[in-house]
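Everything on this sheet refers to the single structure shown next.
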Protein chains: 2
Amino acid sequence: MAQMNKDSLIQFVQHVLPMSGGKAEQLVEKFEPRKIGRNEYLLKEGVVCNESHFIVEGLMRSFIYDLEGRDVTTAFYSRAMFPSDLLSFFKRVPSKEYIQAITDCETWYISYKDMQASFHEMPEFREFGRLNIINQYGILKQRMLSMLQETAEQRYSALIDSNQEVLQNAPLKHIASYLGITDTSLSRIRKDFIKK
Amino acid sequence: MAQMNKDSLIQFVQHVLPMSGGKAEQLVEKFEPRKIGRNEYLLKEGVVCNESHFIVEGLMRSFIYDLEGRDVTTAFYSRAMFPSDLLSFFKRVPSKEYIQAITDCETWYISYKDMQASFHEMPEFREFGRLNIINQYGILKQRMLSMLQETAEQRYSALIDSNQEVLQNAPLKHIASYLGITDTSLSRIRKDFIKK
DNA sequence: CCCATTTCTTGCCATATGCTAAGCGCAAGC
DNA sequence: GCTTGCGCTTAGCATATGGCAAGAAATGGG
């Protein structure tokens, strides 16, 4: 396997918490490369999430089965994002959701054990970790707001503006459940959309 | 002003991260009491959130004005919750939302500066802080899921089951915008609900 | 290459929710 | 006591979305 390049991860760390390149390299020292094939699972329901992945290339989604057995997409993850069940990872409880690769993916990952060790050894890592969680929270909150304020069509419009990759690779029904509507409705919305 | 009792805060800390009572007392040493009157603002848009409050008694809500100028309730906060704009507090950016007391409130609060100091001095405080943020994330995620999967009526039902205090003190229009519907719709849902 | 499956679209009708406006009850202030 | 404003309900109609089903189009596996 060709040696993967850590640059995107290092740049991401520096973007979250400004620091020297050398320090950033030190922070990500424990991250290991991984390739995940299309349709492969990164995490399954009932399992404690034990790794934190950073996506270099590819697209993933997380989903759950609701009470009626419907597959509900809870998030999409593409380049420079961390697909994981934060609750499961940090609280060491079984995951309630699945995470699956939509396309072939390449990631850098670190185990829970190594992350805890780095938390203890490097104050910058702690700070990076905290800011990263806060950012996840911010993303989720923004999405919550869009559910409260916007129509399904507006949410769809925002999604294709912000993440073309999802549109091109994820099947319509997964996008629909992510937006909180049915695939039928999304198909109609898309039709109206083309006219404009 | 009568001396407020720190027990509920101490118990909360121990609940989030099990530790001895003495250790817990040490953790919350920097928290100061505060009384907030009905309708008073804890935080306003454009201001950097500088304090983290723990509610001992009372009810608050956070809200924003959307692009059309509508008042949208983003959260309710009651006993043992932390009303704050996490993003503003930890990233030191201006808040996008308001936080206002619905009833007279009593809180224990700590300043950003003191919290940072405690983070550096006490590993347990760091761990408590991280778990606390993760828990906030979990609450938000759960609410996101309810928006994706449940009808407005189911969300209303869940709210009155879990937080009677909101129902009794918050005006219907604020509950409605929190649920993502109009006050008209909520009034109808409530009517249907009584029949059952 | 063919078959089976999945994905997407569309039509029909039902239901949920929004918008506007009217009306009622209640509490605050003059 | 009266007015005013607010909170809540209700009605009529418009729009958005869902449920179901059929069929077309694309995809994948042998």
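By convention in this document, chain letters (A, B, ...) are assigned in the order of the sequence lines, proteins followed by strands, and residues within each chain are numbered from 1. These numbers come from a predicted model, not from an experiment.
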| Which parts of residues 158-178 of chain A get close to DNA chain C, meaning a heavy atom less than 4.0 angstrom away? | P171(A), L172(A), K173(A)

| field | Rounded distance in Å - CG (D183(A)) to C1' (dG18(D)) | value | 11 Å

| Would you call E97(A) and K141(B) a salt bridge, using N to O less than 4.0 angstrom? | yes

| said: As a quick check of understanding, evaluate side-chain hydrogen bond (donor to acceptor under 3.5 Å, both in side chains) for N163(B) and R79(B), giving each step before the final call. | reply: CA-CA 10 Å; N163(B) 204 335; R79(B) 241 168 278 181; over 6 Å; no

| query | Hey, is E124(B) close enough to K23(B) for a salt bridge, meaning N to O under 4.0 Å? | reply | yes

| query | What is the distance from CG of D192(A) to P of dT17(D), rounded to the nearest Å? | reply | 10 Å

| task | Test S84(A) against S52(A) for side-chain hydrogen bond (donor to acceptor under 3.5 Å, both in side chains), laying out the working first. | result | CA-CA 6 Å; S84(A) 87; S52(A) 181; 5.1 Å; no

| Taking the six-membered ring of F76(B), is NZ or CZ of R61(B) closer than 6.0 Å to its centre and within 45° of its axis? | no

Heteroatom pairs (N/O) under 3.5 angstrom, protein to nucleotides 20-30 of chain D:
none

| remark: Axis-to-axis angle across the helix from dC1(C)-dG30(D) to dC30(C)-dG1(D), five pairs each end, nearest 10 degrees, ~ 50°

| message | Between D71(A) and H174(A), does the side-chain contact (heavy atoms from CB on, under 4.5 Å) criterion hold? Intermediate values first, please. | response | CA-CA 8 Å; D71(A) 169 327; H174(A) 293 162; 4.0 Å; yes

| Within this structure, what is the CG-to-C1' distance between L179(A) and dG18(D), rounded to whole angstrom? | 15 Å

| request: Could you pull out all residues at least two apart from Y65(A) that satisfy ring pair (Phe, Tyr, Trp, His ring centres under 6.0 Å)? | output: F63(A), Y98(A)

| note | Under a 4.0 Å heavy-atom criterion, DNA chain C is touched by chain B from dT17(C) to dT20(C)

| task | Go through dG18(D), dT17(D), dC8(D) for me and flag the one nearest to the I189(A) side chain. | result | dT17(D)

| task | Quick one: name the residues clustered hydrophobically with I99(B), using the 4.5 Å side-chain heavy-atom rule over I, L, V, M, F, W, Y, and just say none if it's on its own. | result | I36(B), L42(B), L43(B), V47(B), I55(B), M60(B), Y77(B), M81(B)

| remark: On a heavy-atom basis, the closest approach of G129(B) and F119(B) is CA-CE2, 4.1 Å

| task | Write down the distance between CD (Q149(B)) and C1' (dG18(D)), rounded to a whole number of angstrom. | result | 16 Å

| query | Is it true that the NZ or CZ of R190(A) lies under 6.0 Å from the centre of Y156(A)'s six-membered ring and within 45 degrees of the ring axis? | reply | no

| What is the nucleic acid contact for S187(B), judged by heavy atoms within less than 4.0 Å: base, sugar-phosphate only, or nothing? | base

| request: Decide if the gap between the ring center of F82(B) and the ring center of F12(B) is smaller than 6.0 angstrom. | output: yes

| remark: To the nearest angstrom, the CD1-C1' distance between I181(A) and dT17(D) comes to 8 Å

| field | Closest-nucleotide 5' rank along DNA chain D - winner of S185(B) and G180(A) | value | S185(B)

| Quick one: are the ring centres of F54(A) and F31(A) less than 6.0 Å apart? | no

| query | For the pair made of CZ in F193(B) and C1' in dT10(D), what is the distance, rounded to whole Å? | reply | 20 Å

| request: Run the numbers on N135(B) and K91(A) for side-chain hydrogen bond (donor to acceptor under 3.5 Å, both in side chains), then give the verdict. | output: CA-CA 9 Å; N135(B) 287 339; K91(A) 298 187 73 173; 2.6 Å; yes

| remark: On a heavy-atom basis, the closest approach of R143(A) and T73(A) is NH2-O, 4.2 Å

| field | Spacing of R190(A) atom CZ relative to dT17(D) atom P, expressed in whole Å | value | 16 Å

